[in-house]
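Worksheet for the structure shown next.
In what follows, residues are counted from 1 in the order of the sequence shown. The model shown is predicted, which means the values in this text are computed figures rather than measured ones.
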Amino acid sequence: MNIILVGEAANHLTRLRPQLHDLAAEIRTVPAIAPGDPGFKAIADEADVVVALRIPALPVSLAHPRLVQVPGAGLDGINFGSLPPEAAVCNVFEHEGPIAEFVLMAMLHWSIGFDQMRAGFSPATWPSVYRARVPHREIASQTLVLLGFGRIGRAIAQRAKAVGMRVIAVDPVAGEGDSLADAVLPP
């Protein structure tokens, strides 16, 4: 089996190789795909597996990878016209929870003015900060618009609904009547 790690994926060779110790595989790395690079085309034509975040439009399609593994959430960096129709293209998930929590934290951080509030929490400054305080904004009852309603968008919506936000999703393939969104609209 021939495996090619492209771009960022090439940086993980030392961690990946021990995991494949029982597999008879030749693993090559390519720093990046250059659309006109004949060297990459020669290597890629031998590949059974290509691991890459991006495969741009290439002058000719890759010969026969059976699998293209995208080690990220989306497939927007993959030009499917450069792949044979029988190639399976997979990406990863299971990171939607941490991303959704980060998004919610960022919304709260921005809305509350966390840095300024935290700077006022000291024994020396608290009494004057308390007396001059202005109520901070809240995200409850605010409207959140999500561009895309896949796994990450749905995880964000679930958390946003839990704090009382109105959720509008914009997605070309999401169905109507999804309980996680108050509305699902086409782009």
Side-chain angles (χ1 to χ4, degrees), residues 1-107 144-160 167 169-175 178-181 184-187:
M1 175 181 296
N2 290 313
I3 301 172
I4 299 178
L5 306 176
V6 180
E8 173 58 29
N11 295 323
H12 300 280
L13 175 62
T14 56
R15 287 186 1 185
L16 181 62
R17 192 178 300 277
Q19 303 298 316
L20 301 174
H21 63 282
D22 291 337
L23 183 65
E26 180 181 352
I27 304 173
R28 295 182 181 176
T29 60
V30 177
I33 295 178
D37 182 359
F40 171 74
K41 174 74 172 115
I43 293 170
D45 278 348
E46 301 170 4
D48 298 303
V49 177
V50 176
V51 181
L53 285 168
R54 288 170 184 48
I55 296 179
L58 300 171
V60 291
S61 64
L62 300 178
H64 69 279
R66 295 181 304 189
L67 171 66
V68 174
Q69 176 65 57
V70 180
L75 297 175
D76 52 327
I78 304 299
N79 182 302
F80 287 87
S82 294
L83 303 175
E86 64 276 5
V89 180
C90 303
N91 62 353
V92 297
F93 59 95
E94 299 291 333
H95 57 280
E96 56 271 10
I99 291 173
E101 290 174 6
F102 174 83
V103 169
L104 195 65
M105 182 271 310
M107 289 189 301
L144 172 65
V145 177
L146 295 169
L147 301 178
F149 206 46
R151 289 178 176 268
I152 294 171
R154 289 175 186 279
I156 295 168
Q158 180 183 31
R159 286 151 178 83
V167 176
V170 178
D171 193 292
V173 296
D178 192 311
S179 63
L180 290 176
V184 180
L185 307 173

Does Val70 reach the side chain of Ile78, with side-chain heavy atoms less than 4.5 Å apart? yes
I'd like to know whether Val89 forms a side chain to side chain contact (heavy atoms under 4.5 Å, CB included) with Gln69, so could you lay out the CA-CA distance, the side-chain angles of the two residues, the decisive distance to 0.1 Å, and finally the verdict. CA-CA 6 Å; Val89 180; Gln69 176 65 57; over 6 Å; no
Provide the closest heavy-atom pair for Asp171 versus Gly150 in the form atom of the first, atom of the second, distance. OD2-N, 4.1 Å
Calculate, to the nearest 0.5 Å, the distance between atoms CG and CD1 belonging to Leu16 and Ile27 respectively. 5.0 Å
Side-chain contact test, heavy atoms from C-beta onward, threshold under 4.5 Å: evaluate it for Val49 versus Asn2 and give yes or no. no
Do the non-hydrogen side-chain atoms of Pro187 and Pro172 ever get within less than 4.5 Å of each other? yes
Say you draw a straight line from CG of Leu20 to CD of Glu26; how long is it, rounded to the nearest 0.5 Å? 13.0 Å
Is there side-chain contact between Phe149 and Leu180, with at least one heavy-atom pair below 4.5 Å? yes
For Val6 and Ala52 the tightest heavy-atom approach is CB-CB, 3.7 Å
Has Phe80 got more than 12 heavy atoms of other residues, nucleotides or ligands less than 6.0 Å from its CZ? yes
With heavy-atom distances below 4.5 Å as the criterion, would you say the side chains of Ile152 and His95 are in contact? yes
Should Leu83 and Val68 count as side-chain neighbours, where that means a heavy-atom distance under 4.5 Å? yes
Over all atoms of both residues, closest heavy-atom pair of Arg159 and Gly97: NH2-CA, 3.7 Å
Are any of the side-chain heavy atoms of Glu96 and Ile156 separated by less than 4.5 Å? no
Distance col, row Glu86:CD vs Leu67:CG, nearest 0.5 angstrom, shows 12.5 Å
Rounded at 0.5 Å granularity, tell me how far CZ in Arg15 sits from CG in Leu13. 11.5 Å
Could you pull out the closest heavy-atom pair between Val167 and Leu146, with the gap in Å? CG1-CD1, 3.9 Å
Quick one: pull up OG1 in Thr29 and CG in Asn11 and give me the separation to the nearest 0.5 Å. 9.0 Å
Taking the side chain as everything from C-beta on, heavy atoms only, tell me whether Val145 gets closer than 4.5 Å to Val170. yes
Closest non-hydrogen atoms of Ile4 and Ala47, given as atom of the first, atom of the second and distance, are CD1-CB, 3.5 Å
For side chain to side chain contact (heavy atoms under 4.5 Å, CB included), just list the numbers for Arg66 and Met1, CA-CA rounded to whole Å, side-chain angles, deciding distance to a tenth of an Å, and then say yes or no. CA-CA 10 Å; Arg66 295 181 304 189; Met1 175 181 296; 3.6 Å; yes
Asn91 versus Gly72, closest heavy-atom pair with distance: CB-O, 3.2 Å
Is a salt bridge present between Arg28 and Glu46, judged by a nitrogen-to-oxygen distance below 4.0 Å? yes
